[in-house]
A.B. asks: 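Take this structure first; my questions come after.
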Amino acid sequence: MTWLDLLIAVACVAGVLGFISVVALVAIWTERKISAHIHDRLGPMETGGFHGWAQTIADMVKLLQKEDIIPDAADKPLFKLAPYIVLSATIASFVVLPFGAHLIGTDLNIGIYYLVAISSLEVAGILMAGWASNNKWALFGGMRSASQMISFEIPIGLSLLIPIMIVGSLSMQDLVGAQAGGFWNWGVFSHLPFAMIAFIVYFWASLAEVNRTPFDLPEGESELVAGFHVEYSGMRFAMFFLAEFANMFLVAGVAVALFLGGWHAPFSFLEISAESNVILHNLVGFFWFASKGMVLLFIQQWLRWTLPRLRVDQLMHVCWKIFLPFSFVNVLIVSLWIVLTQS
Amino acid sequence: MIDYFPVLLLMVIVAFMAAALLAITTFIGPKRTNPDKELPFETGNLPTPGNARAQFSVHYYLVAILFVVFDVEVAFLYPWAVQFKQLGLFGLIEMLVFLFILFIGWLFIIRRGVLEWK
């Protein structure tokens with residue numbers, strides 16, 4: 001390994017971390033503003049002047065000054081370890097997200113497989129937090145969260161198989177590269193309507209994966225107060241909060257990379273070719289990736305303030321009896337289609 | 001292996017960042033504790049059973065076992081999905097046999113009412 005490689009790696013990692021912090025701060029602010037406007041309120045208006053844009057930053061500074069409380073009954077080592085696991089599992093998944101032609105932490109040849117594997121480590125952290133708190137609400141929240149996240153991982157894994165089968169690679173840049181040249185080449189529109197079904201199943205299951213409404217039973221404020229992180233305060237709570245919002249962008253980013261064309265523009269004339277200007281090519285790619293991700297993020301937040309919460313049995317019914325057979329049949333039909341049309 | 005270096009670097013930096021933030025908060029945050037503050041969050045009284053880790057619905061454990069079965073299967077499908085164009089019809093039929101066995105298992109758990117929550 002040369003010094004240049006090291007330098008590039010450090011730059012990539014710094015870029016990824018910077019992006020996560022900015023996107024989490026923006027997402028928390030938009031969540032408040034969107035919820036407020038859906039409720040016919042104004043939301044934060046004071047901090048920072050323009051529509052309270054600095055509210056999240058002020059909140060972070062406030063959380064930094066708070067006392068770090070660990071209840072007496074808690075299992076102290078596990079209680080302290082849990083936020084680290086949740087945060088690092090989330091952030092380590094971002095390293096394979098393709099933000100642009102060259103803007104990627106590292107283009108692993110098993111990219112999407114790595115992402116699915118690492119992001120599911122988060123369950124361990126959440127279950128750990130729920131167990132260690134030694135609080136009934138936290139334990140209920142942790143158990144519900146774990147059962148829901150592991151259940152919905154199966155439809156997610158099966159629906160991500162569709163673009164992988166069509167492209168024949170696990171590398172994120174290969175998957176994005178196969179969708180170049182206009183929106184009609186995007187993953188959602190190939191093998192109509194089966195890739196579309198896979199996208200819809202993925203999007204709904206990803207809502208459950210990040211514990212968002214209508215699948216927010218683990219955190220249900222009105223029954224479990226806050227679920228697994230009810231005993232956490234100050235900076236440890238902030239780490240869970242950051243991980244939650246980073247995770248929302250992560251699942252949106254995977255949907256964008258595999259189904260919605262990644263960093264490609266909807267029309268090829270809106271892109272700048274890599275031959276004419278590499279830097280501009282990457283920046284325009286980053287713009288498209290981030291805006292598509294933000295649109296999906298907005299839909300996640302819009303759904304949260306529109307739909308009511310499901311019951312546990314309804315949740316399991318949706319996952320095991322609807323999503324699972326649907327995505328199975330989907331995989332079979334697409335594989336038959338590809339095999340029969342190529343010979 | 002060089003591909004994996006950024007992954008390692010990121011994990012180290014995240015752990016360091018989180019530890020630094022916690023160090024700052026213990027440094028500037030107040031430390032005023034009393035026995036009531038250290039209680040688990042409930043109603044202000046002691047929690048009813050004393051220890052929260054009571055008996056739990058068996059459904060959660062069943063779901064966890066089912067997850068192991070089906071997720072391992074999905075993990076098997078990934079390498080197949082990358083290579084199945086080369087494997088052709090033969091690979092597809094092999095995979096169909098595998099999926100058919102799992103489908104019978106799925107029908108069994110539905111029929112036994114494992115996912116019925118009462």
Side-chain angles (χ1 to χ4, degrees), chain A residues 1 5 9-10 12-13 16-17 64-69 71-73 83-84 87-88 91-92 95 105-106 108 113 131 133-137 139 143 147 150-151 153-154 157-158 161 164-165 168-170 225 230-231 234-235 239 312-313 316-317 320-321 328 331-332 335-336 338-339 342-343, chain B residues 2-7 9-11 13-15 17-18 21-22 24-26 28-33 35 37-42 47-49 51-54 56 59-60 63-64 66-67 70-71 74-75 77-78 81-85 88-89 92 95-96 99 103 106 109-110 115-117:
Chain A
M1 190 199 298
D5 287 332
V10 170
C12 289
V13 166
V16 168
L17 275 175
L64 204 57
Q65 302 170 10
K66 290 288 172 191
E67 186 178 354
D68 183 23
I69 302 169
D72 271 340
Y84 283 98
L87 191 66
S88 51
I91 291 182
V95 85
T106 168
L108 299 178
Y113 203 53
W131 176 262
S133 299
N134 202 355
N135 177 318
K136 265 186 280 176
W137 310 132
L139 186 61
M143 289 293 258
S147 68
I150 62 178
S151 300
E153 226 165 85
I154 300 162
L158 285 171
L161 269 177
I164 295 168
M165 284 197 300
S169 170
L170 292 169
V225 254
V230 60
E231 290 289 359
M235 219 50 224
M239 280 154 79
V312 180
D313 59 330
M316 290 297 158
H317 179 87
W320 291 91
K321 295 182 188 167
F328 253 128
V331 168
L332 288 183
S335 59
L336 268 176
I338 293 173
V339 166
Q342 75 169 358
S343 53
Chain B
I2 181 107
D3 282 351
Y4 288 87
F5 180 68
V7 179
L9 195 68
L10 192 66
M11 285 190 162
I13 292 178
V14 169
M17 232 175 61
L21 283 173
L22 284 174
I24 295 172
T25 181
T26 46
I28 63 176
K31 278 176 277 297
R32 284 186 295 271
T33 184
K37 204 175 190 174
E38 302 292 326
L39 283 180
F41 174 80
E42 211 171 291
T48 330
N51 191 333
R53 290 153 196 158
F56 227 85
H59 285 290
Y60 289 97
V63 167
L66 292 182
F67 161 74
F70 282 89
D71 208 51
V74 173
L77 284 175
Y78 271 77
V82 176
Q83 281 297 318
F84 88 112
K85 284 181 190 162
L89 209 54
L92 186 62
M95 195 42 87
L96 280 179
L99 289 183
F103 173 71
W106 180 77
I109 58 168
I110 297 289
L115 299 165
E116 306 297 326
W117 296 62

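Just so it is clear: chains get the letters A, B, ... in the order the sequence lines come, proteins before strands, and each one is counted from 1. Here the structure is a predicted model, which means the values were calculated and not measured.
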A.B. asks: Applying side-chain contact (heavy atoms from CB on, under 4.5 Å), run through B:Tyr4 and A:Thr106 and close with a yes or a no.
C.D. replies: CA-CA 7 Å; B:Tyr4 288 87; A:Thr106 168; over 6 Å; no
A.B. asks: Please classify the contact of A:Leu336 with chain B as side chain, backbone, both or neither, using a heavy-atom distance under 4.5 Å.
C.D. replies: both
A.B. asks: Contact part of B:Leu66 toward chain A, heavy-atom cut-off under 4.5 Å: side chain, backbone, both or neither?
C.D. replies: both
A.B. asks: Considering residues at least two apart in sequence or located in another chain, which fulfil the side-chain hydrogen bond (donor to acceptor under 3.5 Å, both in side chains) criterion with B:Trp106?
C.D. replies: none
A.B. asks: Look at A:His317, A:Met143, A:Lys321 and state which one has the largest set of heavy-atom pairs under 4.5 Å with chain B.
C.D. replies: A:Met143
A.B. asks: Could you pull out the closest heavy-atom pair between B:Asp71 and A:Glu153, with the gap in Å?
C.D. replies: OD2-OE1, 3.9 Å
A.B. asks: If you measure from CE on A:Met165 to CZ on B:Phe84, what distance do you get to the nearest 0.5 Å?
C.D. replies: 5.0 Å
A.B. asks: Using non-hydrogen atoms and a 4.5 Å limit, figure out which bit of B:Ile13 sits close to chain A: side chain, backbone, both or neither.
C.D. replies: side chain
A.B. asks: Name the region of B:Val14, side chain, backbone, both or neither, that has any atom closer than 4.5 Å to a heavy atom of chain A.
C.D. replies: side chain
A.B. asks: Among the options B:Ile28, B:Leu22, B:Leu96, pick out the one with the most heavy-atom pairs lying under 4.5 Å from chain A.
C.D. replies: B:Leu22
A.B. asks: Decide yes or no on side-chain contact (heavy atoms from CB on, under 4.5 Å) for A:Leu158 and B:Leu77, but give the supporting numbers first.
C.D. replies: CA-CA 8 Å; A:Leu158 285 171; B:Leu77 284 175; 3.6 Å; yes
A.B. asks: Between chain B and each of A:Ile91, A:Val16, A:Val230, count heavy-atom pairs under 4.5 Å; write down the option with the most.
C.D. replies: A:Ile91
A.B. asks: Highest number of heavy-atom pairs under 4.5 Å with chain A: which of B:Leu10, B:Leu9, B:Leu99, B:Ile109?
C.D. replies: B:Leu10
A.B. asks: Let me know if A:Ile69 has heavy atoms under 4.5 Å from chain B in its side chain, its backbone, both or neither.
C.D. replies: side chain
A.B. asks: Heavy-atom distance under 4.5 Å to chain A: side chain of B:Leu92, backbone, both or neither?
C.D. replies: side chain
A.B. asks: Looking at every heavy atom in both A:Gly168 and B:Val82, which two are closest together, and how far apart are they?
C.D. replies: O-CG1, 3.6 Å
A.B. asks: At a heavy-atom separation under 4.5 Å, does B:Leu89 approach chain A through its side chain, its backbone, both, or neither?
C.D. replies: both
A.B. asks: Which bit of A:Met239 comes within less than 4.5 Å of chain B, counting heavy atoms only: side chain, backbone, both or neither?
C.D. replies: side chain
A.B. asks: Tell me, out of A:Asp68, A:Leu64, A:Val95, A:Val10, who's got the most heavy-atom pairs with chain B below 4.5 Å.
C.D. replies: A:Leu64
A.B. asks: For residues B:Val63 and A:Ser147, report the shortest heavy-atom separation together with the two atoms involved.
C.D. replies: CG1-O, 4.0 Å
A.B. asks: About how many Å separate OG1 of B:Thr26 and CD of A:Glu67, when rounded to the nearest 0.5 Å?
C.D. replies: 11.0 Å
A.B. asks: How would you list, by chain and number, every residue that makes a side-chain hydrogen bond (donor to acceptor under 3.5 Å, both in side chains) with A:Ser169, sequence neighbours excluded?
C.D. replies: A:Asp174
A.B. asks: Using a cut-off of under 4.5 Å for heavy-atom pairs, which of A:Tyr84, A:Trp320, A:Phe328 has the most such pairs with chain B?
C.D. replies: A:Trp320
A.B. asks: Just by modelled atom types, is the A:Gly157 backbone N or O under 3.5 Å from a matching donor or acceptor in the B:Tyr78 side chain?
C.D. replies: yes
